[in-house]
2 protein chains.
Amino acid sequence: MATRTVEDYIKRIYLEQQAGLELVPFGRLASAMDVVPGTVTTMVKALADSGLVGYEPRQGVRLTPAGEMLALHVLRRHRLIELFLVRVLRFDWSEVHDEAEELEHAVSERLIERIDELLGRPGYDPHGDPIPDATGRVAQRNLESLSSARSSGRGTIARIADQDPEFLRYATDRGLIPGAVLTVESVDPIGESIRLVVGDRSLTLGRTAAAKILVAWASPLGSDLDRVDAGTNG
Amino acid sequence: MATRTVEDYIKRIYLEQQAGLELVPFGRLASAMDVVPGTVTTMVKALADSGLVGYEPRQGVRLTPAGEMLALHVLRRHRLIELFLVRVLRFDWSEVHDEAEELEHAVSERLIERIDELLGRPGYDPHGDPIPDATGRVAQRNLESLSSARSSGRGTIARIADQDPEFLRYATDRGLIPGAVLTVESVDPIGESIRLVVGDRSLTLGRTAAAKILVAWASPLGSDLDRVDAGTNG
DNA sequence: CTCACTATTTTGAACACTCAAATTGGAATA
DNA sequence: TATTCCAATTTGAGTGTTCAAAATAGTGAG
């Protein structure tokens, strides 16, 4: 059985890879896990011994298929728990992350199955992150970051890529939640800001904030990317 | 912060004291915790250092007020989780113990408060065990074990003092669940068995099985011991 | 009073994880 | 080529929990 720490490392490596790194550098992993670099070296060797990761010394780590499978199971638990807390226990989506971080290591396979069933086998958590199914399959979506918008256009918010409660409350206050339709009014590449309209509100976002908002752009013909179901928020 | 292991030891010591021991012998604690005796000696010293227990060398351990407070908080979490699993997630009461054993160490104070509120601040878990409130207060009941019955009589089952799923399924099959009314037909002190009627069923129980069934006897005038609310089972 | 028995305690070691601090490797710079 | 610098690694140590096995204390029997 994978220990709690092992699950956390594997999950973190998966998320870093997901964020675009094929090989996660040790230093990055160290700061993400909030441990000293030497600890990562030690742990990565142990993870490699149990076949969950492969690594190039002084280069970085990468998950093996077994590691990826474990990561997907942990994320499945985490995201189902988040949605459960929001839907059933009426938590606000801005405050479920830390709770799920604990519970993901404590719930049994049986309990997760019950929750999945009760929620109707959802595909996305309250933040719009995809929930892997019991076999590890994840829905693939072609989303674009709001910061990559080059001109005006309409789209639906599909995902908020930040778990910080403060940012999430800020987003909620402005209607920036998965499922909301937004219109980009103008983009200022030099000033690094973007003006948009959400509902009846007009607002301006800086580049780094906009980078956290993932959007499915409305195509003229209405492709299936328009249909975003990201669960209930609030 | 008390570690998971510490919480388990403290909870166990509380339960053993509750079962009638003022001073819990190390050997008993060792087998209850499923560790070798030496481990208990080490742990008890550590617990004493943090002020949670007091102990007489070679005699046994006892909780301090601080230890009792901790035990009550852990039991509160455990029992609220059990009831939540039964009521909300439709688990059978025979299968919630192990799950709660894990979750009790992972839930936050905030989540427990939500659950408590959602369930309507219940006083008892599915097995009839009392749920301490947030300040550590526990309902006191004057229950008697079915094995102590000396003659025929009527009463209400208030609590089943065994968490073994097999025993609980056996009990469920025979209608021996908290809230059920039973009538003692006859007691055989030599054969160590007791005949009773529950609902429309008649059955015979041995002494040790009967010892696990705690009953509030019906008084002729109907005291408030008759009113047993032990939540929903099933 | 001594023996035997059982419960408890001590000792030394292990495992999983972590840190601080010294060292090394490799790449970029001068 | 020699120097500098940063990332990664090694080393030695500590924490919390556990075990196996040897030593000891107390209790009751003879």
Side-chain angles (χ1 to χ4, degrees), chain A residues 1-13 16-17 19-63 66-67 70-71 74 101-102 104-106, chain B residues 1-13 16-17 19-63 66-67 70-71 74 101-102 104-106:
Chain A
M1 254 300 83
T3 147
R4 194 214 145 97
T5 310
V6 168
E7 289 190 346
D8 282 336
Y9 272 86
I10 294 299
K11 180 180 61 173
R12 181 49 49 191
I13 295 166
E16 295 295 333
Q17 290 194 179
L21 275 10
E22 12 54 88
L23 209 51
V24 183
F26 290 80
R28 182 181 254 263
L29 191 49
S31 59
M33 296 298 296
D34 200 28
V35 293
V36 104
T39 304
V40 167
T41 304
T42 311
M43 269 307 295
V44 166
K45 275 184 192 163
L47 295 174
D49 285 349
S50 39
L52 294 168
V53 307
Y55 75 107
E56 312 291 335
R58 297 180 181 274
Q59 302 295 302
V61 224
R62 148 179 34 237
L63 294 182
L70 176 56
V74 177
E101 206 73 9
E102 284 298 315
E104 69 188 14
H105 307 294
Chain B
M1 252 300 83
T3 150
R4 194 213 146 98
T5 310
V6 167
E7 289 190 347
D8 281 336
Y9 272 86
I10 294 299
K11 181 180 62 174
R12 180 51 48 191
I13 294 166
E16 296 294 334
Q17 288 194 180
L21 275 11
E22 10 57 88
L23 210 50
V24 184
F26 291 78
R28 181 180 254 262
L29 191 49
S31 58
M33 296 299 295
D34 200 27
V35 294
V36 303
T39 304
V40 167
T41 303
T42 311
M43 271 305 296
V44 165
K45 275 183 191 164
L47 295 174
D49 285 349
S50 39
L52 295 168
V53 307
Y55 74 107
E56 313 291 334
R58 296 181 182 274
Q59 303 295 302
V61 223
R62 147 181 35 239
L63 294 182
L70 176 55
V74 177
E101 205 73 10
E102 284 300 314
E104 70 187 14
H105 307 294

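Letters go in sequence order (proteins before strands), and every chain restarts at 1.
- Residues A/Glu104 and A/Asp8 have side chains in contact (heavy-atom distance under 4.5 Å, counting atoms from C-beta outward).
- Taking atom CZ of B/Arg4 as the reference point, atom C1' of C/dC17 lies 17 Å away to the nearest angstrom.
- B/Val53 places none of its side-chain heavy atoms less than 4.5 Å from the side chain of B/Arg62.
- A heavy-atom distance below 4.5 Å is not found between the side chains of B/Val61 and B/Leu47.
- Checking the phosphate oxygens (OP1, OP2) of D/dT17, a side-chain nitrogen or oxygen of B/Thr5 falls inside 4.0 Å.
- For the pair B/Met43 CE and D/dG16 P, the computed distance is 10 Å after rounding to whole Å.
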For B/Val74 and B/Ile10: C-alpha separation, side-chain torsions, deciding distance, then whether side chain to side chain contact (heavy atoms under 4.5 Å, CB included) applies. CA-CA 9 Å; B/Val74 177; B/Ile10 294 299; over 6 Å; no

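- The distance from atom CG of A/Leu29 to atom P of C/dC17 is 14 Å, rounded to the nearest whole Å.
- Between the CD atom of B/Glu7 and the P atom of D/dT17 there is a distance of 11 Å, rounded to whole Å.
- Residue A/Tyr9 places none of its side-chain N or O atoms closer than 4.0 Å to OP1 or OP2 of C/dA16.
- The two residues B/Arg58 and B/Phe26 make their nearest non-hydrogen contact at N-CE1, 4.3 Å.
- Salt bridge annotation for B/Arg12-B/Glu7: absent, with no cationic side-chain nitrogen under 4.0 angstrom from a carboxylate oxygen.
- Using a 4.0 Å cut-off between charged nitrogen and carboxylate oxygen, B/Arg4 and B/Glu102 count as a salt-bridge pair.
- Nucleotide C/dC17 holds its P atom 11 Å from the CD1 atom of A/Ile10, rounded to whole Å.
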Under 4.0 Å protein heavy-atom contacts per nucleotide of nucleotides 4-15 of chain D, with B for base, S for backbone only and - for none: ---BBBB-----

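- Pairs passing the side-chain hydrogen bond (donor to acceptor under 3.5 Å, both in side chains) check and including a residue from residues 19-38 of chain A, sequence neighbours excluded, read A/Glu16-A/Arg28.
- Terminal axes of the helix from C/dC1-D/dG30 to C/dA30-D/dT1 (five pairs each, C1' rotation axis) are separated by 20°, to the nearest 10°.
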